[in-house]
2 protein chains.
Amino acid sequence: MSDSGLDAVKLDGAGPVYDQIRRAIRDLVLNGTWTPGTSVPPEHALMERLGASRMTVHRALVQLAREGLITRRRRSGTVVASPPASHAMLDILSIPDEVRQLGQDYAFEILSRRDGKPAAEVAALFELKRSEPIVHLVTRHLSSGQPHVLEERVIHLATVPAAADEPFETMPAGDWLLQHSLWSQAEHALSAVAAGAREAELLAIGRGEPCLLVERRTWNQSAPVTAVRLLYPGGRHRFVGRFGPYGQV
Amino acid sequence: MSDSGLDAVKLDGAGPVYDQIRRAIRDLVLNGTWTPGTSVPPEHALMERLGASRMTVHRALVQLAREGLITRRRRSGTVVASPPASHAMLDILSIPDEVRQLGQDYAFEILSRRDGKPAAEVAALFELKRSEPIVHLVTRHLSSGQPHVLEERVIHLATVPAAADEPFETMPAGDWLLQHSLWSQAEHALSAVAAGAREAELLAIGRGEPCLLVERRTWNQSAPVTAVRLLYPGGRHRFVGRFGPYGQV
DNA sequence: GCTATCTAATTGCATATGCAAATAGCAAGC
DNA sequence: GCTTGCTATTTGCATATGCAATTAGATAGC
């Protein structure tokens, strides 16, 4: 094995060559073989290794760069990009960042934690099998002392075993997961619900007041990583996005 | 002027040639000079007209195709694409389609209409100048007879003068606008609110029940087109989306 | 040590060329 | 009329080539 990651690039013979190259590199990035910051071999090296022309390699790399997976600079070369911190509208956002961007002080407290197989209600809420070991966390995030959002989360220990030994004292679970696990797909759902008695108390709002519920589930290559329900007091939060008729602007 | 739109393509000399071509064609599409279905001149024609090589023209067209602005087929040529009916998550969606996709019958009724300069509350709600003439519509959309969503909308007559003569009897205003106006940018915001007395009655829910409020404003080249507030009964609606760490999957 | 300069590595862009694949429209044959 | 096949048009892909722009790192000079 050479010291660069050159040998890891393998074509599968399906479809156009430039696209084989694109997918090969994309997969290395998405499955974590090449982590952010890793430098991608220069065009000449890939060209020789793969027996393609430089323009063909170039085309694959240009496209990956436009997709945001890599960044390229003349002379410095090509490196794997860091996933952007946030997306258009809704995403894996860091709640500490979210709060600080509003100019407020951030704090959080873990209200409860349970490790092991899920209780019946938790399994139902997150659509889990009762045999899967998880960490179940309830966290309250505070913005300058005021309740900001209530978070209920499960982390799949089969996929992220390190979570079992993590006390989540220095940072909330969402941020810890961003640093200590990979994800390749997420699904989120937005709805409006009324605050229950306990929720209202924890959020310092009236019972039955409208809240925005963000539910998000995350996978890495079909293995579930985490699922979370974020309950925002309705009056104080909006999610905003911009786009054009053919997609993001 | 030739019968094709060839003459309309003009480069601005700024940046790479392929990108000049790309932007030139993109602008013709976005500003409505080339409407969906219009056929784009073949690569050879553009190449001669612009004095660029075919590969350079090709690169611009390939990129536009990937962005979804045009569709290309061998031998048939290149045509301007229709904007996709819906986006990842939230967008200018057609409420009739939304209802029918759920397998329900669709109907709508206009609850009120007022043309002319906006009343004070309407102007405040939509952040309008009181001197701008608008159409103000309140519409209820029904799904198999049940209230589905409540829509309150203003249409800017300066931008869409035809709206003044349109009774909106055969289709709701949102769908009519999709067919009779252009838009280049939209902004939406999502929040949770409690139903007011009148809203609750119209949606057949209890007063104070949580609702999902979608607010959307649309522009065409900085001219405001329309603004709408859609109030969905919270319990019956969710907005769902999927994505990966680097963007849409 | 510090700075200015040079060199070479690397990506960016454009061209010219050739062939492959798809297919619209026409022509020929039945 | 219907089908079958041909042909020319158009896009898709890959290569080879050359030069431009950027800049990290080495070198030379002070």
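Lettering of chains follows the sequences in order, A, B, ..., and the numbering in each one begins at 1.
A donor-acceptor pair is defined here as one N or O able to donate and one able to accept, closer than 3.5 Å; such a pair exists between the side chain of B:Thr159 and the backbone of B:Pro224.
In this structure the side chain of A:Tyr106 reaches within 4.5 angstrom of the side chain of A:Ile95, judged on heavy atoms. A heavy-atom distance below 4.5 Å is found between the side chains of B:Trp176 and B:Phe168.
Taking the charged nitrogens against the carboxylate oxygens, A:Arg23 and A:Asp27 have no contact shorter than 4.0 Å, which rules out a salt bridge.
What separates CZ of A:Arg22 from P of D:dG12 is a distance of 16 Å, to the nearest Å.
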What string of B, S and - do you get for nucleotides 8-16 of chain C 5' to 3' if you count protein non-hydrogen atoms under 4.0 Å?
BBBBBBBBB
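Under the ring pair (Phe, Tyr, Trp, His ring centres under 6.0 Å) criterion, no residue pair touches residues 30-83 of chain A, with sequence neighbours excluded.
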